[in-house]
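Input: a single structure, listed below in C-alpha cells.
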Protein chains: 2
Amino acid sequence: MTVLTEESFGSRQRVTMDDVARRAGVSRALVSIVMRSAPGASEDKRRRVLAAADELGYRPDVRAQSLAGQRSRVIGVMFGVTVGAFHFELLDGLFAAAERHGHNLVISPLTRVRDERTAARSLQGFRFDALIMLSPPTAHPLLAGRIPLAVVGWHVDHPGVDVVRVDDDRGIRAAVDHLVALGHRDIAHIDGGDTMISLARRSAYLAAMEAHGLARCARVERGGQAQVDGLAGARRLCSIGPRPTALIAYNDDIAVAAIGVFAQHGLTVPAEMSVVGFDDSSVAALAAVPLTTVAQRPDELGRLAVERMIARVEQRRIVEREIVLPAELRVRSSTAAPREPGHNPLPS
Amino acid sequence: MTVLTEESFGSRQRVTMDDVARRAGVSRALVSIVMRSAPGASEDKRRRVLAAADELGYRPDVRAQSLAGQRSRVIGVMFGVTVGAFHFELLDGLFAAAERHGHNLVISPLTRVRDERTAARSLQGFRFDALIMLSPPTAHPLLAGRIPLAVVGWHVDHPGVDVVRVDDDRGIRAAVDHLVALGHRDIAHIDGGDTMISLARRSAYLAAMEAHGLARCARVERGGQAQVDGLAGARRLCSIGPRPTALIAYNDDIAVAAIGVFAQHGLTVPAEMSVVGFDDSSVAALAAVPLTTVAQRPDELGRLAVERMIARVEQRRIVEREIVLPAELRVRSSTAAPREPGHNPLPS
DNA sequence: CGTTTTAGTTCTACGATACTT
DNA sequence: CAAGTATCGTAGAACTAAAAC
C-alpha cells in the first residue's frame, strides 16, 4: 500500500501523526522523531513506525511542520522565462535535494508583469527562510543581504549572496583548446545575448582565443537563449565574410539550431564544420549528430544550492561564498579536424 | 511603507496578527475578519486594521491560514518540460487569479525522473485541495476523480476532470478559412508531435481542408513543441514534392522556425509563402514578419482554471465540465494572397 | 419591550515540534 | 524511550454587547 490510496486523496479523514502512533503502538513524539529521521529511536521501532505510516498512507503535514519548527523549512525559488531544457533539469536537482533534506520548495515565477518584488511578497506568506534564484541572471537581486540567498549559474558581487555555478571560463577554454588541438583556427562564437552568463562565456571565448594567438580569428555573432535565436547568427556565419571551420555556441539550443542551418548550406558536421554546445542538456539529443558539449551537472548544482541554503539557515560556518563546479568537455561526434585548406567540399 | 521593509525579511520578530491587533486596538479575530475581507467589521475599523497591517508590513502566514481553515487554500500545479513561452504566460494568469482569491499555488514539476506519482506525493504534504495540470497533455491523469482536478489546454474524457481550453477546432478552421479566402489551396500543416493537443489541431486541420474540398491538397509534416522541431518539416516543405503556398503551424515556435527556413530558401513571407501560428505567445515577436496567429488568452485560461477549482472545493453547482474559450485569429503580415501560378519568383 | 441584526470578543482546534518529567 | 504540555499563527464557532426595528 502506498500514499496514493483512496484514503490519502479525496474522501476525508486525513491521516495524522496520532493515527500512525496508535497503529504502531508508540507515542506521537516517536513518530515525529522517525519521520524526521532524527536520532533517538531504535531500529525496531523505526521500522514499525515507517510500516504503519506506509500502510496508512501518511505524509507529514508540511504546514504544521513548518509552523511548529524553529525554521519554516521552506525555500523559495524564483525563476523566469529564460527557461530552457537545462533549467528544468536544474529544478529536478533542487527538488530532489530539498526532499532528501526534508525541506520544501515554493516556486515563484518571474514574468513580465510579476517582478521580484511581487514574487517575494507571495513567498513571504510561507515565511521562507532562504531563496534560490535560477533566473533571470541579475546583477543585484532585490533580497540580497536580507535573507540567505543563492543564485545558480551566474556570478553576483554581493557578500550576502551565495553563488553556485559551473566554471564557464574553463569550460569555454576547454572547448577552444579542443578545437585548436584538432587544427582549427577560425573558431566562431554565437553568444547568448546580454545576460550575465552570456557575457561571461563571450569574454572567456575571447580570452581563450587570444591565449592561442588567435585573437584575429575570433568572431562573435549575436545569439540568445532559445533555439530560434541561433538561426540568424548561423546564417551569417555561412554567408557573410570568411567562413569559420568551427563554432562554439552559447548553449546546446543554439548549437542544435546552428547545425540545422549548416545542413541547409550543404555543410556537413563535423566534416566541414565543427560545433560545440554548452550545458549537455536534453536538447543535445535533438542534434542530427551527437553533440560535443560542455557539460554542467544540474543535479549537482541544485543539490549544492539547496545544501548551502540549509547551511546558511542553520548558521553553519561557510568558507567560500562561491562554489564553482568544474566544467567537463564531453567530446562526441560534432567536432573533428578541419578539412585541408583548398580541398573543395562536395555539397552532398 | 511596504512589506519589503527591513522588518519583514531577515532579522527577527516576525509580524503576526497579534501585533496588528495591538496596533489597531482591536482583537485578533477582527484582524482575521478584515484580512479575509469577511463580513462583520465596520468600515472604520477595517481601515484602521489595514493601515496597521501596512505599517507593520504584515502578511498573513499562509501556513497557519492553511492549517486552521477547513480548506488548505492550496492548489497544486503540475507542469512539465514542454514549457514554451505560452506556458509561462499561463502561469502568470494562474498566480494572478490565485492571489486575487486568497489562494496559494504550489508547483510540482514533472520531469523525466519525477512522475505524477512523485509530484502528487510532494503536494500531499501541503494538503492541497485541488490540482491544476498544465502539461504534459495526458489522457488519464493519475489523480482524476480523486480530487478536484483541472487540465488546461487539452481535452480529457473523465467525469472527474474539469477542462479549460481554447477552441482548437475553430481556431484552426479560422486559419484555414482565412487562407482559402486569400486564394490559397495548397495549405500545409506542421504538427506538434504525438501529444493530445497536437492530435486535436491536426485533425481540425484535415477536417477544415476537407470542408473546403481541399482534402487532396492537405499535407501534414511532423513537427513538435519546440522551435527546432519545426526546422526539418519546413525544410521538407521546400524540397520535397510540390511546394505549398501556405503553412499552418502547430504553434508560434514552429511558425517562427519555419519562417527562418523559408528565408534561407529564398522564399519571402508572405509574398511566396503565407504562415499562420498558434498561441500568440511572446515568441511571435521574434518572427521576421509580424505573425498572423490564432490567439489564446492565457490570463483567461488561468483565471478560469483557478476559479473552477475553487468552485469545486466549495461544492458549488457547476453546469459544464468543459470550458472552451473562443479562439481568435489575429491577422498580421505573415499571410497574403498567393502569387499567380506560373509567375516565377525572383530569388532575392 | 422583545427580537433580530451587526460588531466585536473569547476560546478552541489545526497537526506538527520541542520541551519537561 | 513514553507521556504530557506549551507553542506556532491563524480560522471559525460560540458568545456577548449594543444598536435597529
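Note that the structure is predicted; figures quoted are calculated from it, not measured. Within every chain, numbering begins at 1; the chains are lettered A, B, ... in the order of the sequence lines, protein sequences first and strands thereafter.
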Can you tell me if R114(A) and S108(A) form a side-chain donor-acceptor pair at under 3.5 Å?
yes

Under a 3.5 Å cutoff, is there a donor and acceptor pairing between the side chains of S32(B) and R36(B)?
yes

Is R112(A) atom CZ crowded by more than 12 heavy atoms from other residues, nucleotides or ligands, each under 6.0 Å away?
no

Could you check, using the six-membered ring where one of them is a Trp, whether F88(A) and F79(B) have ring centers closer than 6.0 angstrom?
yes

Before accepting this row, confirm whether a basic side-chain N of the pair [X]/[Y] lies closer than 4.0 Å to the acidic partner's carboxylate O.
X       : Y       : result
R308(A) : E320(A) : yes
E314(B) : R71(B)  : no
D61(A)  : R63(A)  : yes
R117(A) : D115(A) : no

What is the distance from CZ of F126(A) to C1' of dC8(D), rounded to the nearest Å?
17 Å

Output the rounded distance in Å from CD (E314(B)) to C1' (dA11(D)).
15 Å

Could you run through nucleotides 8-21 of chain C and give me one letter per nucleotide, 5' to 3': B if any protein heavy atom sits under 4.0 Å from the base, S if only the sugar-phosphate is that close, - if neither?
SBBBB-BBBBSS--

Specify the angle, to 10°, made by the local axes at the two ends of the helix from dT3(C)-dA20(D) to dT21(C)-dA2(D) when five pairs are taken at each end.
50°

